[in-house]
Each structure stands twice: as C-alpha cells, then as structure tokens.
J.: 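Sharing a structure here in structure tokens format.
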Amino acid sequence: MPKHYRPAGKKKEGNAAKYITRSQALKQLQVNTKLFRKLCIYKGVFPREPKKKFRGNHQTYYHLKDVSFIRHDPILEDLRAKSAYRKKIIKAKAKRNKELADILKNRQPEIKLDRLVRERYPHFIDALRDLDDPLTLVHLFAALPGSDRLKIEVKRVHNCRKLSHEWQAYISRTHKLRKVFISVKGVYYQAEVEGQKITWLTPHGMQQVLPDDDVVYDVLLSFLEFYETLLAFVNFKLYHSINVKYPPILDPQLEASAAELYALARYFDANSRPSEKVEATQEEESELRLAQLQHQLPSNEPGALMQLVKDAADENEEDEDTKECKNLFKNMRFFLSREVPRESMLFVIPAFGGTVSWEGEGAPFSETDQSITHQIVDRPTQGHVYLSREYVQPQWVYDCVNTRIILPTEAYMVGRVPPPHLSPFVDNEEEGYVPDYAETIKRLKSAAKNEILPMPGMGKENLDDPQNLLAEGYISRAEAIEAAERKQKMMTLEKQYHDELKMELDGFKYSSSVSDATKQKSDEDMETGEEPLPDVQQISTADMSKLLMSRKKRGLYEAMKKGQERKKAHVDLLKQRKKKIEAAEKFKKN
Amino acid sequence: MRERKKSSAVEVSSVKKKKEKKTKDNNEPREQKEKEESQSIMKQQKNTTSRSKKEKQRKATEDYQSLRESELSGDEVHGTDHDVDNADDHHEEDQTDGSEGHRGVEESDSSEDEVAPRNTIGDVPLEWYKDEKHIGYDISGKKITKKERQDKLASFLANVDDSKSWRKIYDEYNDEEVELTKEEIRLVQRLLKGKAPHTDFDQYADYVDWFKYDDALHPLSNAPEPKRRFIPSKWESKKVVQYVRAIRKGLIKFDEPKEEEPKFYLLWGDDSSAAEKANHLAYIPAPKPKLPGHEESYNPSLEYIPTQEELNSYQLMYEEDRPKFIPRRFTSLRSVPAYENAVKDSFERCMDLYLCPRVRKKRVNIDPETLKPKLPSRKDLKPYPVACYLEYKGHKGAVVSISTEASGQWFASGSTDGTVRIWEVESGRCLRVLEIGEAIQYVAWNPLPELPVLAVSAGQDVLILNTGLGNEEEQRRVKDLLHVETPTAPDVLDLGLVEDHLLKNLLLALMFTLDGVFGRMASQGRLPLHVFHPTRSIFFVSTKKNIRVYDLLKQRLIKKLETGLKEVSSIAIHPAGDNLIVGSREGKLCWFDMDLSSKPYRVLKCHPKDITNVAFHRSYPLFASCSDDCTAYVFHGMVYSDLNQNPLIVPLEILRGHTSSNGRGVMDCKFHPRQPWLFTAGADSVIRLYCH
C-alpha cells in the first residue's frame with residue numbers, strides 16, 4: 001500500500017485537512033485568479049505556512065478557514081454581480097444600443113468596503129497600527145500621473161491627493177509629527193497617533209515614472225481601493241475627535257493654486273474658532289484668523305463652551321513630546337522660495353508651531369514682510385538679502401525637527417554644501433557606528449539643555465505664566481499645573497545632568513583605576529610567567545562550553561554570531577572608508 | 001396555367017406586407033416561368049416541328065413576355081416599387097434565367113460558376129447590343145462578333161435535313177446554338193408530364209412520423225388556440241393606465257439622482273461592540289517595512305558612499321548578492337531626482353502583503369553568550385593534564401598501544417615497527433626494547449602489581465612477556481608462572497584447564513585487560529568491542545551501532561544501549577561501573593548513564609575525525625578521548641554517589657602536539673594510574689605525557 005494512500009471513508013487529518021492550496025481554493029470558490037486576488041486583498045487573507053507542506057514546497061497554502069471566510073462573505077456575490085453587470089454593458093455596446101449602455105453605466109452598482117474595514121479592524125487602534133502601507137500607497141498615487149492605458153483614473157489620483165492632504169492637515173494641526181527624513185526614495189515622515197508610530201513615505205514632488213514591465217497595476221489598484229476607503233474612515237474618525245466636520249469644504253481659490261494643505265489648515269481654524277477666541281494672545285495665528293474673517297468661512301458655532309472644555313482637556317492630555325514639538329518653531333515665521341518643496345514644508349513647519357508663507361497666490365504674507373525670521377532657499381546664490389532674516393537651506397528645517405533644537409544656521413547657509421542629513425530612525429549605539437555629525441548634534445543638544453537649565457528658560461516661563469493667569473481666568477488652573485510640571489521636569493533634568501557629569505568624572509577615574517589595576521596584575525603575571533598560558537586557555541574555554549550545547553542551541557548561537565560578525569564587518573567597512581577619506585583630506589591640505 | 005398565375009399573384013399580394021419576404025417570393029414565380037417556358041417550347045415542338053428553331057425561340061420569349069405583362073397588369077404590386085427599370089430588370093433576368101436554364105440543362109446540377117459564359121457583359125439588356133456588330137466581350141476583353149445570320153430559307157432547309165434540329169436551341173446571350181442531350185430531353189419530358197424531374201426520386205414514399213414514438217403517452221396537442229391569444233390583455237392595459245396616472249400625479253420621477261447617504265461616517269463610534277470574538281483565525285499583521293538608515297539619506301556622510309572599486313566589485317557579484325540599494329549623495333535638495341523604482345517598490349510590497357505566507361515567529365533578542373551552559377570554573381576542577389611534560393622517543397613506527405603498570409612507575413608501548421618498549425615514566429628512559437618481529441596490536445600490563453607481566457598481541461599471537469622488573473622473589477614467581485605454555489589464541493583460553501592457582505589468577509586478571517586485544521581487532525572490523533564491568537559480572541559488547549549488556553552469571557541480555565552513532569570505535573567504563581563512554585568514527589563521544597536510560601545521557605561532538613580511543617581515570621574524575629585529528633580532549637566527568645544527581649561533564653582541555661602521519665593522529669591514550677597525567681601515543685612514533 002503506498003504511503004500516501006488514505007482508505008476510503010477515512011477523513012483527512014492534520015495539515016491536509018486544515019490547509020488547501022491556492023488552486024484548490026480557486027476551485028472551491030469558483031472564481032478566477034483575478035477575482036481571487038481581489039478578494040484576498042479586500043479581505044486581508046494571506047497564505048499561511050503549514051507545518052508540513054503536503055503538496056510540495058512550491059505551492060501556496062491557504063487555511064481552510066480563511067477560504068471559507070471568503071466564501072461566506074457577501075462581497076463575493078457583489079463582485080460576481082458586478083462582473084455580470086459589466087457584461088450587460090458590453091453586450092449593449094456590441095448591439096450598438098448606446099442609450100441602454102449609458103443608462104446601465106450610470107446605474108452601476110457600487111461596491112462598499114466599509115463593512116470590510118470594520119471587520120478587518122474592529123478597533124480604531126488596529127487600523128492605526130496598519131496604516132503605514134495605506135499611507136505610503138495613497139501618497140504615491142497622489143503623485144502619479146493619470147493614465148487611461150493603465151486604468152489609473154484622474155479622479156482617483158485626485159481622491160488620493162485629497163486624502164493625503166487631509167491626513168497631513170490633521171497631523172500638522174495636532175502637532176503629532178515626530179520625525180522627518182529625506183531619503184533618495186522620498187521623504188519619510190513619522191507621526192505618533194494614539195501611541196502608534198506611523199511611518200509613511202511620500203515620493204519627491206517630481207514627475208513619476210510608470211514602469212510597464214514587472215508591475216501589475218491591477219494589484220496596486222485593488223490595494224488602493226481598499227486603502228482609500230480605510231484612510232477616509234480613519235480621517236473621519238480623527239477629524240471627529242477634534243470636532244471638525246468631515247469631509248472638509250475647502251476654499252476653491254486656494255485649492256486651485258495647489259495650496260490645499262494651507263486651505264485645510266484654514267478650514268481647521270475656522271471650525272475650531274471658538275476655542276481660539278479664548279486663547280487670543282497667540283500672535284502667530286492672528287494673521288491666519290484675519291484672513292479667515294475676511295473670507296468668512298463656515299464654522300461650527302454651537303456648543304462653543306463644550307468645545308472650550310474639550311480643548312482645555314486636550315491641552316492637558318497633550319503629552320510632553322507634543323508640547324515640545326508644538327513649541328519648536330514658536331514665534332518663527334518662515335518664507336519659502338519658489339524652488340523649495342512647498343508641500344512638505346507647509347506640512348512640517350506648522351506641525352512644529354511655525355508660521356509659513358510662500359511665493360505665489362493666496363500666500364498669507366509676502367516676501368517683503370519684515371517679521372519673517374527665516375527664509376528657506378535652495379539655490380546657489382541669493383540675490384537680494386534682507387538683513388532681518390536668516391537664509392537657510394531646507395535641510396535645516398528637517399534637521400531641527402529631528403534634533404528638536406534650533407540648530408545654528410551657519411552650516412546651512414545658501415550656497416554651501418549642508419552637513420550630512422542623518423536618519424532619525426537609527427539608534428547609533430545599537431548600530432555600533434556613530435557618524436561625526438551625530439556627535440556634533442549630541443553636543444549641541446546637551447549645550448542647549450544646559451542653557452535652558454539654569455536661568456533663562458525657567459525665568460521666562462515664570463514671568464509668562466502670571467500674565468496668562470491674569471489674562472485668562474479659564475485655563476489658569478491647567479496652566480498653573482502645567483507650569484509646575486514643567487518646573488519639576490526642568491529640575492529633574494538639571495539634576496540628572498549634574499549627576500551624569502559627576503558620573504562621567506567618576507567614570508574617568510574609575511576606568512583609569514581599573515586600567516591601573518590591570519597593569520599591576522599583568523606585571524605580577526609577567527613575574528610568575530604563567531600569564532600567557534591561561535590567556536590561550538580562556539580562548540579555548542569559550543569553544544569548550546560550546547561542546548555541551550544542544551544542536552539546536554548551537555545552531556542558534558552560531559547564527560547569532562554570524563549576524564554580529566556581519567554587523568561588525570559593516571561598521572568596520574564604514575570606519576575604514578572614513579579613515580581613507582580623512583587621509584585624503586589631510587593629503588589635500590598638505 | 002391560369003390558376004398558377006393567379007396563385008402566384010395572390011402570393012405576391014400577400015407578400016406586400018412584408019418587404020423582406022418579397023424577393024424570396026419573387027423567386028417562386030420565376031421557377032414557374034421557367035417551367036412554362038420549357039413547356040411551351042415542347043408544345044410547339046410537338047405541334048409544329050416544321051417551324052424553325054429561331055421562330056420557336058422568339059415565340060417562346062414572346063409568350064413569356066406576354067405572360068409577364070399580364071402579371072404586371074394583373075395586380076398593382078409592382079406598381080410602386082418596380083418601375084420601368086425594374087420591368088427591364090425582370091426582362092433581362094428572364095433572359096439570363098433562360099440561359100441559366102439552358103446551361104442547367106446542359107450539365108444537370110452544376111451552377112453557373114463552374115463554366116463561365118463566353119460573354120462577359122453581365123446583367124445588361126441585350127437590346128443594347130441589338131444594333132452592334134458584336135454581342136459582347138470575352139474574358140480577355142476582346143469583342144465577340146455576331147455570327148453571320150443564315151438565310152432563313154437556308155437555315156430552314158438545314159433544319160429539315162438535320163434530324164436533330166428539334167433538339168437545338170438558340171442562346172441569344174452567347175450567340176450560339178445549343179444542342180440538348182438525351183438526358184436533358186428526358187428530364188424536360190418528365191417535367192411536362194408533371195412528374196419529378198429525376199427518375200430516382202420517389203414521389204410517393206411512405207410517410208415517416210418523426211414525432212411519434214412507442215412510449216408516447218399523449219398525442220401531440222390538437223387543441224385549438226385559446227381565445228386569449230387573439231385579444232389584447234386587460235391586465236396589461238390596466239397596469240399601463242396605472243403607470244400613466246402615477247406619472248401624471250408625479251409619483252414616478254425619472255432620472256432623478258438618488259438621495260445619497262453620506263459616504264463616510266463614524267465607523268469606530270463605539271469600540272465596545274467590536275469586542276465580540278470573530279470566529280476566524282487570528283490576524284497576523286504584516287511586518288512593517290524596514291526604516292531607512294543613514295545610508296538612504298539624500299545627503300549621507302561620505303563614509304556611506306561606496307568607493308569606485310567597491311562599485312566595480314558589485315558588478316562581479318551574482319545578481320542576488322548585489323546590494324539592492326547603493327547610497328548616493330546630492331549636494332542640495334533641489335538636485336534630488338524622482339526615485340525611479342517608487343512604483344516598483346510599492347508593487348513588491350503589495351505582492352508581499354497578499355502573497356507571502358505569514359507566520360508568527362519568536363525572535364530571541366538575547367546575548368548569544370547566555371545560550372552557553374553555565375559550567376563550573378576550570379580552576380576548581382584541577383588537577384587535570386594541561387601541558388606536555390615529556391616526550392618519549394625511540395619507536396620507529398606509529399605507536400599503536402600503551403599500557404601503564406599498576407604502580408605507575410613504568411609503562412609499555414607497542415608499535416608497528418614490531419617492538420615493545422618499556423619506559424620509566426618519570427625520567428623518560430627506555431628501560432627495555434623487546435623485539436617481537438610482527439606489528440604490535442595491543443599491549444597490556446597485568447593489573448596486579450605483584451606480578452609484572454605484560455601481554456602483547458601481535459599478528460595471530462598473544463604473548464605474555466616477563467618484563468624483568470621487580471625484586472628477585474617476584475621474578476622467581478613470574479618465572480614459575482610462565483613455565484606453563486599458554487595457548488596462542490585467547491578465544492580458546494580455558495581457565496579450567498589451568499592447574500596452577502596463581503596462574504589462574506593471573507589469567508583472570510589478564511582477561512580484564514586483554515579485552516583491548518579484541519578491541520584492536522574490532523577496529524579492523526573483525527570482532528566486536530567489549531568491556532567487563534569492573535565489579536560485577538556484567539559484560540558489554542558493542543555491535544556496529546549499539547551496545548549490548550549481558551549478565552555473565554545469568555547468561556542473558558540485560559540491556560541494549562542505543563548510541564545513535566554511525567560506527568562505534570571505542571568504549572571505556574567508569575571505574576564505578578555505572579557509566580560508559582563510547583567513541584565513534586564520526587568523532588562523537590557518548591556518555592551513557594546506565595541508571596538513566598538506554599539513550600546517551602550526553603553526546604559531545606568534539607572531534608572532526610575518528611575517535612581512536614577513550615579512557616577513564618582510575619581515581620580522578622577525568623576522562624579523555626583521542627582522535628585522528630591529532631588532539632586529545634580531557635573532560636571532567638564527575639559521578640555523584642547521590643543517585644538524584646546526574647553526572648557532571650565539563651570539557652577541560654584540548655591537548656595538542658602530535659603531528660599527523662598517514663592520516664592517523666593520536667592512536668591511544670591512557671591515564672596514569674595514580675597521577676592526573678595522560679599518556680598519548682601518536683602515529684608520529686612519539687609518546688607524550690601531559691601533566692597538570
């Protein structure tokens with residue numbers, strides 16, 4: 001009897017009963033590959049790895065439950081109905097019944113994915129956790145040109161643009177952006193929403209290439225369809241959480257001049273105006289409000305008091321990180337030159353509390369404005385220079401954001417090659433290699449901290465607070481608490497810093513004493529003459545204890561060692577290159 | 001004929017309603033006309049055979065013409081649709097039909113296509129050529145001239161003379177006379193009689209009822225059509241009235257866009273209800289894409305940019321090994337181009353998301369050093385052999401076997417050069433050289449110190465040698481003993497035969513050590529390895545892969561130890577007797593605890609090559625293994641008297657120093673009986689002593 005023979009009447013067992021291959025699944029569901037792919041994408045069904053691949057390694061296995069999960073979903077029927085409907089249209093067209101074809105086209109059944117979104121992400125936090133890919137894809141499509149041949153509709157591209165701007169507006173408004181990184185692939189942003197770190201990539205604002213070979217656009221479009229729905233619902237929820245109506249109604253003029261983000265920001269301001277009336281002292285927003293009043297944008301008048309309470313609560317809920325981000329560019333006014341990537345800047349600068357304007361229509365203030373503190377320029381030379389402001393390259397903004405301090409602008413002046421732009425996502429210590437500029441930044445950071453610690457920062461705060469208290473009785477308590485907290489935090493920081501300093505001093509001493517001790521020891525060893533032998537033994541003992549490991553553990557150990565070695569090799573390579581570069585520089589100087 | 005005409009007229013008039021049918025129906029009368037034509041021809045032939053053929057023909061056409069006209073005048077069917085042209089059409093059609101008919105007669109079934117007409121003018125009225133000299137054009141485009149018209153009289157006379165003239169018909173179209181064949185005539189005759197044209201066609205064949213079959217229960221319906229088929233539906237008219245009224249009242253509206261629900265709403269309004277457990281499988285979130293490092297920056301530090309040489313070296317690599325991303329550096333943000341693989345990258349990510357099998361994997365994030373077992377410090381386990389203290393040189397071939405004397409003062413070594421040497425341990429002095437003449441396989445001292453006797457196995461023989469050590473009394477005893485001739489083969493050693501009590505003791509003692517002799521042989525694939533239990537009457541025999549344990553008293557198998565090795569090469573037993581080590585050809589060392597199970601308590605993979613021998617120390621908790629890779633391992637192997645505590649095994653030292661010769665390394669290792677020293681015999685003809 002062959003080994004695989006199963007007697008008739010006996011049920012399948014084990015993996016063979018639990019898993020089916022892809023082709024089997026197709027047969028069971030009575031769908032073609034295309035439809036199956038779509039279903040998998042919509043439902044979020046993915047292949048699984050059975051412990052034993054009973055049909056061979058080259059097959060894709062799906063869990064039986066996953067497949068029946070698809071089978072019982074009404075979306076399957078909907079998709080079938082849709083394809084049947086499409087056939088009707090084709091038939092009408094073939095019979096040259098244009099009238100009927102048009103009627104049918106207008107009445108096409110729409111497939112709604114909201115139920116699937118809810119099913120896949122029962123909690124909002126789940127959706128946030130999985131938001132990286134949707135954001136990246138939507139941002140990518142927002143930058144793609146529409147193409148009839150590839151079925152990329154212009155309507156969809158616009159929808160993607162809209163969604164991405166809505167998302168950015170929310171992040172910027174609530175100051176949730178944490179890190180920005182300009183890479184060759186595009187700009188990476190990292191935001192923290194409800195404790196979830198969400199990272200997405202936006203392509204550089206250039207004409208994107210649409211490769212023809214090895215990209216199946218159907219797959220991308222299916223994913224996009226789901227992601228669009230998901231992102232729209234997420235945006236709705238987020239807007240709802242800050243009491244802004246969704247979808248936002250934008251100023252058509254601004255929209256036309258491709259300043260949607262700014263339009264959105266204005267929309268926010270308009271919608272949450274009542275709360276701002278109280279915080280009337282915020283100078284940086286007064287300009288915006290002026291513009292707003294002129295345009296008389298719609299606003300949510302009712303429930304002003306409620307909103308006030310809510311906002312106050314929000315203020316309290318804001319964590320320290322957010323506060324830090326909010327105040328980074330406080331009291332700074334930026335002006336963007338034409339060549340600067342405007343969208344990114346309009347997103348980043350307000351997210352960190354700055355005010356921004358640009359060259360072009362609908363800008364809040366013009367280049368001649370005397371209150372501008374920084375002008376962002378990305379050209380070899382700057383013709384007319386205002387002495388009252390600093391001219392910096394765009395990288396300065398991103399580096400400031402990542403380091404959370406205002407960096408000195410000398411290195412980023414117009415016409416210079418800026419210092420290296422480092423990734424904020426890397427833990428240098430863990431990587432084992434710290435680039436030079438990271439060290440410099442660290443020093444600058446500690447210097448900045450030091451500066452704040454003793455006098456100016458605290459004093460200012462203390463002075464500011466009473467004024468606020470007098471001006472606004474409402475939020476006095478919150479402010480007071482906040483101030484106290486801040487003070488406490490400062491104190492602890494100061495203390496910590498001092499401790500660290502002390503430790504460092506001690507450490508030096510300690511290390512020196514240790515080295516002394518070892519020296520003495522080695523001297524003794526030299527005398528006895530037994531030193532070298534144990535050393536060799538020490539090496540061999542390491543191997544010796546490996547003898548007693550089980551095979552599994554030994555494999556694991558060796559794999560880990562290999563990984564460490566690879567990492568070390570990489571670091572060594574970097575160090576070697578650096579040495580070479582330094583040597584070359586020295587040679588040049590001489 | 002009249003009836004027929006009428007019927008055709010009726011048919012045509014009925015056809016008037018449906019235009020499409022018209023042409024089809026028009027064909028019908030044409031057929032009739034053909035028939036009539038031929039009929040008239042035949043009649044005339046019969047009546048007036050004397051008439052000229054031409055006249056006949058003319059008459060026939062005239063006859064047809066008149067018929068045609070009567071038909072036209074008879075009803076107004078064609079009045080509107082067919083004007084004069086049409087009439088002409090018909091006329092010429094008739095003519096062509098006539099020609100068709102002739103040709104049809106000529107070659108029974110064939111169509112016009114097969115034999116092209118000589119004339120190529122097509123469907124034009126022949127009247128056009130009436131006054132011309134030619135009747136038309138042939139295929140090559142040349143004019144076909146009319147034949148000379150014969151004198152009527154001459155032609156008549158010719159006809160009278162020609163008996164076949166009645167068969168001839170003039171073809172106006174091609175301007176030639178055609179003679180009908182006999183078959184054709186017959187066919188025409190049959191038609192005139194009102195029969196089927198072909199003789200083989202049975203007009204009165206039996207009727208086959210295709211709709212009738214044996215098992216039919218009911219006849220086909222013969223019911224008359226119901227009334228409702230003829231009168232308009234009342235229900236329908238009511239419904240129509242209803243609709244009309246609804247539309248008038250404005251209840252039904254057309255083309256009004258539906259009231260759209262808001263597309264998006266608060267989907268996660270209440271998270272509490274979502275707590276119900278879905279009965280499908282757990283969702284495994286896709287791993288997030290890797291976050292970019294410094295090297296992906298548009299302006300990375302210089303050290304991240306690969307040099308030109310490195311870039312060149314990438315080209316030499318396999319495509320899979322090449323780095324996927326090569327860092328680049330741009331001096332300003334404005335010079336950064338669009339990333340060319342942006343769409344491709346996200347496509348690949350999408351493919352991964354829906355096609356990659358997902359598995360939850362536990363990733364250990366620990367220091368690899370913690371994986372190593374915690375072992376006691378080696379310092380605490382001293383003393384053990386650490387370094388080479390002495391080398392005993394003198395043998396000329398590989399030293400195969402060594403054995404220490406019970407007191408530990410001397411040891412003997414056997415070599416392939418055919419000599420046995422006895423050495424003093426402490427000084428390294430070679431005391432005696434015994435020439436055996438054959439390659440030595442094994443040497444063993446008598447474990448009893450009072451009788452310094454040495455057993456040597458060489459070739460087929462086992463020799464028991466007097467070493468000449470000890471004081472005089474001992475020597476005397478030895479000589480007494482060895483006076484008895486010993487059998488050559490150890491297999492036939494019969495203890496019962498030996499009379500002398502002392503000798504019996506000696507041989508018994510030898511038996512315990514001589515097992516090594518078999519061991520040697522076994523390693524050559526002859527005899528199984530075996531050892532005796534040091535205190536009890538238990539006997540261990542190894543097969544190729546397993547070790548069988550026999551009770552000698554009860555004479556039966558007690559246990560079978562499964563080593564899991566490929567081939568056992570050596571075994572040694574702990575002096576307490578409960579533990580056993582087994583060395584194997586693949587360099588693995590197994591420690592068996594007899595109290596635990598039949599599987600090895602621990603397997604140590606230490607040597608890359610064959611283990612040649614393993615040894616326990618008699619008193620120290622030490623054991624050693626030596627191998628062909630020229631090393632010997634020393635282990636600490638503590639066996640506790642407490643049965644709850646498993647033996648402690650700690651690898652202590654790797655002893656090196658021997659050199660390989662002929663692919664063999666260390667051939668044998670033995671511990672000193674008193675001291676924690678190890679002797680190793682190398683294939684490089686050197687014996688080494690390692691001391692603590």
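The sequence lines fix the lettering, A, B, ..., with proteins before strands; numbering per chain opens at 1.
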J.: Side chain, backbone, both or neither: which part of B:R602 has a heavy atom under 4.5 Å from chain A?
T.: side chain
J.: Is it the side chain or the backbone of A:Y121 that comes within 4.5 Å of chain B heavy atoms, both, or neither?
T.: both
J.: Could you label the plane-to-plane angle of the B:F264 and A:F233 rings as parallel, tilted or perpendicular, counting under 30° as parallel and over 60° as perpendicular?
T.: perpendicular
J.: Could you please spell out the steps behind the side-chain contact (heavy atoms from CB on, under 4.5 Å) verdict for A:V426 and B:E295?
T.: CA-CA 10 Å; A:V426 179; B:E295 67 280 353; over 6 Å; no
J.: Please classify the contact of A:P203 with chain B as side chain, backbone, both or neither, using a heavy-atom distance under 4.5 Å.
T.: neither
J.: Please determine, among A:R554, A:M560, A:E339, the option with the most heavy-atom pairs under 4.5 Å with chain B.
T.: A:M560
J.: Using only atom types and a distance under 3.5 Å, with no angle test, would you say the side chain of B:N299 pairs donor to acceptor with the backbone of A:P419?
T.: yes
J.: Can you tell if the side chain of B:P292 reaches within under 4.5 Å of the side chain of A:F425, non-hydrogen atoms only?
T.: yes
J.: Please step through side-chain contact (heavy atoms from CB on, under 4.5 Å) for the pair A:L140 and B:F347, ending with a clear verdict.
T.: CA-CA 11 Å; A:L140 173 71; B:F347 171 66; over 6 Å; no
J.: Determine, for B:R360 against A:E49, whether the closest basic-nitrogen to carboxylate-oxygen distance falls under 4.0 angstrom.
T.: no
J.: One pair to check against side-chain contact (heavy atoms from CB on, under 4.5 Å): A:L574 and B:Y304. What are the steps and the verdict?
T.: CA-CA 7 Å; A:L574 287 179; B:Y304 287 99; 3.5 Å; yes
J.: Whether A:K580 and B:E303 form a salt bridge (side-chain N of Lys/Arg under 4.0 Å from carboxylate O of Asp/Glu) is what I want to check.
T.: no
J.: Using heavy-atom distances under 4.5 Å, tell me whether A:K579 contacts chain B through its side chain, its backbone, both, or neither.
T.: neither
J.: Given the options A:Y433, A:F141, A:Y239, which has more heavy-atom pairs under 4.5 Å with chain B than any of the others?
T.: A:Y433
J.: With rounding to the nearest 0.5 Å, note down the distance linking CG in A:D378 to OG in B:S335.
T.: 7.5 Å
J.: Which answer fits A:N106, side chain, backbone, both or neither, if we ask what part of it has an atom under 4.5 Å from a heavy atom of chain B?
T.: neither
J.: Identify which part of B:I284 has an atom lying under 4.5 Å from any heavy atom of chain A, answering side chain, backbone, both or neither.
T.: both
J.: Is B:T370 close to A:Y557 at the side-chain level, that is, under 4.5 Å between some pair of heavy atoms?
T.: no
J.: Counting only heavy atoms closer than 4.5 Å, note whether B:P337 contacts chain A via side chain, backbone, both or neither.
T.: backbone
J.: Quick check on B:E310 against chain A: is it the side chain, the backbone, both or neither that has a heavy atom closer than 4.5 Å?
T.: side chain
J.: Check each atom of A:I182 against the heavy atoms of chain B and say whether the ones under 4.5 Å are side chain, backbone, both or neither.
T.: both
J.: Starting at CZ of A:F223, measure out to CE of B:M351 and round the result to the nearest 0.5 Å.
T.: 9.0 Å
J.: Would the distance check show the side chain of A:R118 and the main-chain N or O of B:W268 forming a donor-acceptor pair, the cut-off being under 3.5 Å?
T.: no
J.: Of A:H421, A:H204, A:K185, A:Q395, which meets side-chain hydrogen bond (donor to acceptor under 3.5 Å, both in side chains) against B:Y298?
T.: A:Q395
J.: For B:P289, check side chain to side chain contact (heavy atoms under 4.5 Å, CB included) against everything at least two apart and list the hits.
T.: A:D133, B:R349
J.: What part of A:V215 is in contact with chain B, defined as an atom under 4.5 angstrom from a non-hydrogen atom: side chain, backbone, both or neither?
T.: both
J.: Pick whichever of A:Y61, A:Y188, A:Y62 has the most heavy-atom pairs under 4.5 Å with chain B.
T.: A:Y188
J.: Indicate the atoms forming the closest heavy-atom contact of A:P418 with B:T331, along with that distance.
T.: CD-O, 3.2 Å
J.: Is it the backbone or the side chain of B:L375 that comes under 4.5 Å from a heavy atom of chain A, or both, or neither?
T.: side chain
J.: Show, in sequence, the C-alpha distance, side-chain angles and deciding distance for A:D114 and B:Y265, and conclude whether the side chain to side chain donor-acceptor pair (under 3.5 Å) test is met.
T.: CA-CA 9 Å; A:D114 49 352; B:Y265 53 92; 2.9 Å; yes
J.: Does A:K553, at its NZ atom, have more than 12 non-hydrogen atoms belonging to other residues, nucleotides or ligands within less than 6.0 Å?
T.: no
J.: What residue in A:D132, A:V45, A:N235, A:D126 has the most heavy-atom pairs under 4.5 Å with chain B?
T.: A:D132
J.: Name the region of B:D345, side chain, backbone, both or neither, that has any atom closer than 4.5 Å to a heavy atom of chain A.
T.: side chain
J.: Given a strict heavy-atom distance threshold of 4.5 Å, which part of A:Y227 is in contact with chain B: side chain, backbone, both, or neither?
T.: side chain
J.: Is there a side-chain contact between A:L548 and B:P651 (heavy atoms, below 4.5 Å)?
T.: yes
J.: Please look at B:Y633 and chain A and tell me whether the side chain, the backbone, both or neither of the residue comes under 4.5 angstrom of a heavy atom of that chain.
T.: side chain
J.: Quick check: does any side chain N or O of B:S297 sit under 3.5 Å from a backbone N or O of A:L422, one acting as donor and the other as acceptor?
T.: no
J.: Given that the side chain runs from C-beta out, which part of B:V336 has a heavy atom under 4.5 Å from chain A: side chain, backbone, both or neither?
T.: both
J.: Can you say whether B:P300 sits under 4.5 Å from chain A via the side chain, the backbone, both, or neither, judging by heavy atoms?
T.: backbone
J.: Between chain B and each of A:P380, A:P47, A:P420, count heavy-atom pairs under 4.5 Å; write down the option with the most.
T.: A:P47
J.: Please check if atom OH in B:Y389 has more than 12 non-hydrogen atoms from other residues, nucleotides or ligands closer than 6.0 Å.
T.: no
J.: Tell me, out of A:V216, A:L556, A:L201, who's got the most heavy-atom pairs with chain B below 4.5 Å.
T.: A:V216
J.: Select one option (side chain, backbone, both, neither) describing which atoms of A:R37 are under 4.5 Å from chain B's heavy atoms.
T.: both
J.: Side chain of A:R48, backbone of B:P357: donor and acceptor closer than 3.5 Å?
T.: no
J.: So, using salt bridge (Lys or Arg N to Asp or Glu O under 4.0 Å) as the criterion, who are the partners of B:K344 when residues are at least two apart?
T.: A:D214
J.: Could you look at A:L573 and say if it's the side chain, the backbone, both or neither that has a heavy atom under 4.5 Å from chain B?
T.: side chain
J.: Tell me, for A:Q564 versus chain B, whether the close heavy atoms (under 4.5 Å) come from the side chain, the backbone, both or neither.
T.: side chain
J.: With only heavy atoms counted, which part of B:K263 is less than 4.5 Å from chain A, the side chain, the backbone, both or neither?
T.: both
J.: For A:K578, is the NZ atom crowded, meaning more than 12 foreign heavy atoms sit under 6.0 Å from it?
T.: yes
J.: Can you tell which part of A:T199 gets under 4.5 Å to a heavy atom of chain B, answering side chain, backbone, both or neither?
T.: side chain
J.: A side-chain contact here means heavy atoms from C-beta on lying under 4.5 Å apart; do B:L267 and A:F124 qualify?
T.: no
J.: Counting heavy-atom pairs under 4.5 Å to chain A, which of B:K605, B:K288, B:E340 comes out on top?
T.: B:K288
J.: Check whether A:E110 gets within reach of chain B through its side chain, its backbone, both or neither, counting any heavy atom under 4.5 Å.
T.: side chain
J.: Any side-chain heavy-atom pair from B:L371 and A:E558 closer than 4.5 angstrom?
T.: no
J.: Please state whether the side chain, the backbone, both or neither of A:K179 comes within less than 4.5 Å of a heavy atom of chain B.
T.: neither
J.: What is the distance from atom CZ of A:F46 to atom CG of B:D352, rounded to the nearest 0.5 Å?
T.: 13.5 Å
J.: Under a 4.5 Å cut-off applied to non-hydrogen side-chain atoms, are B:L333 and A:P341 in contact?
T.: yes
